[in-house]
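Written below as structure tokens is the structure these notes are about.
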Amino acid sequence: MGKQGKRENVDRLLQGLTEAQRCAVTHFEGPLLILAGPGSGKTRVVTHRIAWLLAQGVPDRQILALTFTNKAADEMQRRIKALVGDCSVWVGTFHRFCARMLRKYAPFVGLQENYSIYDTQDSLQVLRQALARTGLHDTHIAPETFARAISWAKNNLIAPDQYVARPGHMVGSLVQKVYPIYQGALLDANAADFDDLLYHCANLLRENPEVRQALDERHRFILVDEYQDTNLAQYAIARALSIDHPHLAVTGDPDQSIYGWRGANLNNILEFERDYPAVRVVRLEQNYRSTKRILRAAAELIAHNVRRKEKGLYTENSEGPPVRLVTYGTHKDEADDIAARMAEEIRQGRRRAGDFAVFYRVNALSREFELALRQHGVPFQLVNSVEFFQRKEIKDLIGYLHLLNNPHDQVAFLRVINTPARGIGKTTVGRLSGYALQHGWSLLEAARRVKDIPRINAKTAGKIAQFVRLFDRLVEAVDRPMEELLGLLLAETGFREQFSASGDEEDSERLANIEELLTVAREFDERHGGGTHPLETFIEETALVGETDEWEEEVDRATLMTLHAAKGLEFPVVFLVAVEEGLLPHQRSKEEQDDVEEERRLMFVGMTRARQELQLSFARYRDFRGRRKMTVTSSFLMELPREEMELLTVGDEDAEKQGAGVAEPAPYFSEVPDYSEAPHDQYDEPVYRADATFPTPSEPPAVSPDVFLQGMTVLHPQYGRGRIAALSGSGLARQATVDFPDPTGRMRFLLSGSPLRPAE
DNA sequence: ATGCGCCAAGTTTTT
DNA sequence: CTTGGCGCAT
């Protein structure tokens with residue numbers, strides 16, 4: 001590209017940016033703090049800044065963008081791609097970045113490269129064993145309490161041997177005992193929990209100057225999104241990578257810090273200017289998202305917080321309709337009325353389903369809305385239900401993968417040794433692990449020597465030996481594509497047979513989940529191409545995804561999600577429900593002042609997601625734990641400006657009779673708001689829309705290889721009937737591994753052009 | 001050893 | 001109302 005072209009590119013980049021935004025985008029070297037209010041175009045600034053840096057000649061590999069959620073990372077990646085096309089700017093979550101770094105430097109922190117990542121459930125399992133071993137299992141303290149304390153310690157970079165309980169603090173002294181045991185168990189299993197990813201990584205950088213220096217050199221320009229949510233470990237990592245090359249740009253908003261419970265330290269952003277005296281501070285205070293009334297209401301609420309950096313939020317958008325505050329009789333009325341409104345708006349063609357979002361404080365509240373929306377025929381997507389990767393059948397399969405990747409993985413071993421049931425019970429497993437512990441072997445190693453273990457009879461030993469052989473057979477296939485490996489796994493273990501015996505609904509759902517996992521695997525294979533270590537990469541990916549990532553913007557469906565999941569998103573119409581004392585603010589937050597402020601921020605985040613219409617609501621009665629309980633309205637509601645609100649009452653006869661609500665049950669949406677100003681249009685970037693730049697791929701080939709399913713019986717003109725053991729690849733490269741009766745045995749076919757047919 | 005069923009407990013938010 | 005852990009009966 002010539003100099004002229006480059007210049008034009010830069011001009012195009014800066015076009016349509018405000019003075020403040022341009023300032024942040026074109027800041028070149030040195031620390032930068034972007035204080036960005038909600039809807040101020042923060043993501044736009046970050047992505048444009050990356051594009052701008054690239055245009056300045058910064059090599060893409062030197063830019064590192066860190067986010068908190070995969071969803072945010074994907075969004076950023078998408079928008080960068082739309083701006084500059086494919087490039088190797090590294091965009092991802094802190095956890096993912098650390099996981100990858102540890103993959104390379106594992107030995108520095110006492111792990112091997114193929115370490116497992118344990119999710120909360122897995123780590124709790126390890127913790128339970130540690131507690132049992134310490135003799136602390138029958139204290140009346142829940143394992144979760146220990147888990148929280150340990151997690152807190154790791155987030156604050158306190159090592160197991162540094163943990164000192166406050167004098168006289170009972171729980172603390174117990175934690176002090178278990179923490180080292182727990183950590184030892186993780187290392188023995190060659191595993192890391194979520195906190196370890198950050199913890200190990202921070203230590204790696206602190207204790208190995210040459211590594212730190214190399215990485216600082218490699219990642220010269222660092223951008224951290226949602227900086228207000230960083231904890232000490234994350235802070236240490238970002239800091240360690242910005243010493244020789246202090247080009248650290250952080251964006252955030254103290255008013256949107258909602259992860260204090262995860263160790264986020266608001267001071268990291270409040271005191272950024274102290275840590276980096278040379279910092280340039282840019283404030284983005286103009287809001288391009290919401291109406292004036294929504295913004296004023298939200299601003300007034302958040303003004304009740306003490307710990308913040310005051311911002312003057314303003315918008316040039318239209319006034320908009322008042323914020324509705326609706327009192328419902330019961331939670332049923334609430335869900336029903338909201339669903340009915342949506343249905344009506346959609347029917348009248350005023351809104352699409354995708355315009356609506358319902359936010360709630362806790363996942364448990366979603367059920368009522370699912371029902372109501374289904375009843376009114378409003379399509380919806382539920383973010384964060386029972387997480388896919390948490391389902392038992394999926395965790396079991398992933399457990400096999402973990403074990404194949406990391407034979408030391410004890411949690412995985414225990415999970416799969418008798419799944420599906422193969423006659424290896426508790427007693428046997430107990431003896432096995434006793435033996436393993438005694439000799440310092442992993443469970444799998446002990447299983448290999450099962451003949452030497454006293455008190456395991458020959459018959460049971462045979463079953464264990466069979467399991468070991470199964471493992472060895474599967475290990476042969478670890479370098480195959482994931483879909484094929486999983487297919488073999490399913491076939492060899494007879495995994496499906498656990499569920500296919502009966503035809504009941506739960507079982508068929510499980511089978512469907514297994515198919516879904518195969519699809520995930522296939523998509524992974526396509527993305528991953530012929531890269532090395534598919535298993536390792538796949539496991540890492542699946543370990544670090546949450547269901548939140550499932551959310552799709554393009555789909556025209558109403559969205560149901562928690563307030564936490566809503567951060568970073570926006571919707572034309574938002575319903576914020578169950579604004580009740582005990583839920584918002586949540587009961588558990590009432591103990592500390594700071595925590596109540598966090599709840600207020602949470603509500604602030606929810607309100608500022610709305611572009612055009614916002615409704616807050618609560619019910620007088622709500623079913624809780626089976627019992628109907630009278631609610632108390634949230635104290636936050638008292639902090640809202642009355643003049644921006646419209647008060648309504650629905651389905652609450654008492655209140656309606658007394659006229660406690662609004663005198664008239666005015667028809668909803670009686671006034672059609674004037675959106676002629678289309679506030680978001682100036683914010684959208686039609687030129688760079690991904691779908692405009694990248695047309696959707698052409699139709700799939702006429703002969704779909706998808707008719708072949710794993711387990712299907714197929715016919716081959718030469719070899720006769722066979723059964724598909726595994727599938728892999730896609731399109732023209734799609735292959736099937738087929739088992740024929742002897743003497744033919746196992747054959748592999750390219751499906752396109754093969755004479756294979758599904759047998760009727 | 002397995003499977004069922006009971007009882008108890010515990011419910012915030014996410015990587 | 002759910003889930004998960006545990007004990008009992010087969």
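The chains referred to below are lettered A, B, ... by the order of the sequence lines, with proteins before strands, and numbering in each begins at 1. These figures come from a predicted structure and were not determined experimentally.
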**Fill in**
Assert: residue with more 5' nearest nucleotide on DNA chain B, out of A:Thr428 and A:Leu602, is A:Thr428

**Fill in**
Atom CD of A:Glu598 and atom C1' of B:dT14 are separated, to the nearest Å, by 12 Å

**Request:** Look at the side chain of A:Arg367 and decide which nucleotide, out of B:dT13, C:dT2, B:dT15, has an atom nearest to it.
**Result:** C:dT2

**Request:** Write down the distance between CG (A:Leu131) and C1' (C:dG5), rounded to a whole number of angstrom.
**Result:** 15 Å

**Request:** Mind checking A:Tyr259 for me? I need base, sugar-phosphate or nothing, with any heavy atom below 4.0 Å counting as a touch.
**Result:** sugar-phosphate

**Prompt:** Is the A:Phe369 to A:His331 ring centre distance short of 6.0 Å?
**Reply:** no

**Complete:** Atom CG of A:Asn363 and atom C1' of B:dT13 are separated, to the nearest Å, by 8 Å

**Asked** Taking NZ from A:Lys332 and C1' from C:dC1, how many angstroms apart are they, rounded to a whole number?
**Response** 12 Å

**Request:** Return the value, rounded to whole Å, for the distance between atom CG of A:Leu584 and atom P of B:dT13.
**Result:** 13 Å

Produce the list of close N/O pairs, under 3.5 Å, pairing protein atoms with atoms of nucleotides 2-6 of chain B; give distances to one decimal.
{"unit_1": "B:dT2", "atom_1": "OP1", "unit_2": "A:Gly423", "atom_2": "N", "d": "2.6"}
{"unit_1": "B:dT2", "atom_1": "OP1", "unit_2": "A:Ile424", "atom_2": "N", "d": "3.1"}
{"unit_1": "B:dT2", "atom_1": "OP2", "unit_2": "A:Asn418", "atom_2": "ND2", "d": "3.4"}

Show every donor-acceptor pair shorter than 3.5 Å between a side-chain atom in residues 230-241 of chain A and any protein atom, with sequence neighbours excluded, or say none if there are none.
{"unit_1": "A:Thr230", "atom_1": "OG1", "unit_2": "A:Tyr227", "atom_2": "O", "d": "2.8"}
{"unit_1": "A:Thr230", "atom_1": "OG1", "unit_2": "A:Asn268", "atom_2": "ND2", "d": "3.1"}
{"unit_1": "A:Asn231", "atom_1": "OD1", "unit_2": "A:Ala233", "atom_2": "N", "d": "3.1"}
{"unit_1": "A:Asn231", "atom_1": "OD1", "unit_2": "A:Gln234", "atom_2": "N", "d": "2.9"}
{"unit_1": "A:Asn231", "atom_1": "ND2", "unit_2": "A:Asn155", "atom_2": "OD1", "d": "3.3"}
{"unit_1": "A:Gln234", "atom_1": "OE1", "unit_2": "A:Asn231", "atom_2": "N", "d": "2.9"}
{"unit_1": "A:Tyr235", "atom_1": "OH", "unit_2": "A:Arg239", "atom_2": "NH1", "d": "3.1"}
{"unit_1": "A:Tyr235", "atom_1": "OH", "unit_2": "A:Asp275", "atom_2": "OD2", "d": "2.8"}
{"unit_1": "A:Arg239", "atom_1": "NE", "unit_2": "A:Tyr276", "atom_2": "OH", "d": "3.4"}

**Asked** In whole Å, what is the span from the CG atom of A:Asp122 to the P atom of B:dT15?
**Response** 16 Å

**Item:** Closest approach of A:Gln77 to A:Val89 (non-hydrogen atoms, all atoms of both residues)
**Value:** NE2-O, 4.0 Å

**Request:** Classify the angle between the aromatic ring planes of A:His402 and A:Tyr118 as parallel (below 30°), tilted (30 to 60°) or perpendicular (above 60°).
**Result:** perpendicular

**Message:** OP1 or OP2 of B:dT14 versus the side-chain N and O atoms of A:Thr562: is any pair under 4.0 Å?
**Reply:** yes

**Message:** For A:Thr633, give me all partners under side-chain hydrogen bond (donor to acceptor under 3.5 Å, both in side chains), at least two apart in sequence or on another chain.
**Reply:** none

**Request:** Please state how far atom CG in A:Leu371 lies from atom P in C:dC1, giving the value in whole angstrom units.
**Result:** 14 Å

**Request:** Let me know the distance between CG of A:Asp195 and C1' of B:dT14, rounded to the nearest Å.
**Result:** 11 Å

**Message:** Within this structure, what is the CG-OG distance for the pair A:Asp195 and A:Ser123, rounded to the nearest 0.5 Å?
**Reply:** 8.0 Å

**Asked** Counting side-chain heavy atoms from CB outward, which of B:dT14, B:dT13, B:dT15 is closest to A:Val362?
**Response** B:dT13

**cation_pi(A:Arg103, A:Tyr115) dist<6.0 Å, angle<=45** = yes

